[in-house]
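For reference, the structure discussed in these notes is given below.
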Amino acid sequence: MSRQAGRGTESKKMNSELFTLTYGALVTQLCKDYENDEDVNKQLDKMGYNIGVRLIEDFLARSNVGRCHDFRETADVIAKIAFKMYLGITPSITNWSPGGDEFSLILENNPLVDFVELPDNHSSLIYSNLLCGVLRGALEMVSQGLSSSETEIRTTKVQMAVDVKFVQDTLKGDSVTEIRMKFIRRIEDNLPAGEE
Amino acid sequence: SRELFVLTYGALVAQLCKDYEKDEDVNICLDRMGYGIGVRLIDDFLARSAVKKCRSYSETADMIAQVAFKMYLGVTASVRCTSAAGNEFSLILDKNPLVDFVEELPAERASLCYCNLLCGVIRGALEMVHLPAEVTFLQDRLKGDAVTEIGITFLRKAEDRKHKRN
């Protein structure tokens, strides 16, 4: 397999090779476990979801972002902060729907596929589908503590149901990798911490 | 930051636990996967670290513990030589990021070497630089030991070295 040359400055800070290869081992194992690509895709999405619901806490703690007021802000945070933090890349945001509830993330470089070619018998495999699940799970579990006084802490849960899918994939011969994110609905609860 | 990697690793181990009933089979599988990773990762390591060739097993062990661990896991390990022949070493990890989200092993998985991928990685990488070795976990905090300790035994007889071993 050919090695990509010139990964640029991001490679100094984010040594993702071990992650990339471990992710490959995971996908390979799933391909052994499930006969068809669709089942592997579903399993990757499910695993990603379970990762996302945990990862969001880590993200909020590390990034210290304030609450996003609309889906555009959310898109910015995902692309410029979250992707940067965990994958060392910054996708661009494009193709907003007229209603502002759908957008695309364009990844020119996807570190997960650094060593990867899809074999012919896995042409329907969505190799990086874990990412879709991570995004979906994280957005469903976004919650931030806001202190309103010394004695009372209110927790705002901003649960957002989104649909996330790959619409272009360099592994399948497309020129870029494109993830489409669509906002479905939002649930907001204001609860004193003790009631949770 | 490595949390996405750590959680993905957890997903991998969980999947293997579904696939294999016995801990020993999961351990073997993790080691084998790690080996497959190590034989590729060594190229990346040598390119990034630009290290010169190690002149002794002791230097090699130090390189793994101080440079490679730092590069890929963000932590360093301390090294001790544990044999008079100078070919056995122990790497002690104070902090192991792979287990950040793991509180304890489930009761039914008491023999699981959760991080066994690492042993395979080290073994595979060393083999690619012509230093065949056995690599195993000797102690594991997840199993209640005080520290996490990886043992490396270099298998080839130590060649004549110009420099004295430490």
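Every chain is numbered from 1 and lettered A, B, ... according to where its sequence line falls, protein lines coming before strand lines.
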Are B:Leu117 and B:Val75 connected into the same hydrophobic cluster when the rule is that any two of I, L, V, M, F, W, Y join if their side-chain heavy atoms are below 4.5 Å apart?
yes
For B:Ser49 against B:Met71, the heavy-atom pair lying closest together:
CB-CE, 3.7 Å
May I ask you to say whether B:Glu59 pairs ionically with B:Lys52, meaning some side-chain N is under 4.0 Å from a carboxylate O?
no
Per-residue contacts, residues 21-36 of chain B versus chain A, heavy atoms under 4.5 Å:
B:Cys29, B:Arg32, B:Met33
Can you classify the ring geometry of A:Tyr86 versus A:Phe59 as parallel (below 30°), tilted (30 to 60°) or perpendicular (above 60°)?
tilted
At a heavy-atom distance under 4.5 Å, which candidate from B:Leu4, B:Leu16, B:Leu12 has the highest pair count against chain A?
B:Leu4
Counting a contact as any heavy-atom pair under 4.5 Å apart, which residues of residues 92-107 of chain A contact chain B?
none
Is it true that B:Asp44 and B:Arg48 make a salt bridge, defined as a side-chain N closer than 4.0 Å to a carboxylate O?
yes
Short side-chain donor-acceptor distance under 3.5 Å, A:Thr170 and A:Asn110:
no
Below 30° counts as parallel, above 60° as perpendicular, anything between as tilted: where do the rings of B:Tyr72 and B:Phe45 land?
tilted
How about CD on A:Glu108, more than 12 heavy atoms from neighbouring residues, nucleotides or ligands closer than 6.0 Å, or not?
no
Should the heavy atoms of other residues, nucleotides or ligands under 6.0 Å from CD of B:Glu108 be counted, would the total exceed 12?
yes
If you count every heavy atom of other residues, nucleotides or ligands that lies below 6.0 Å from B:Lys143 atom NZ, does the total exceed 12?
yes
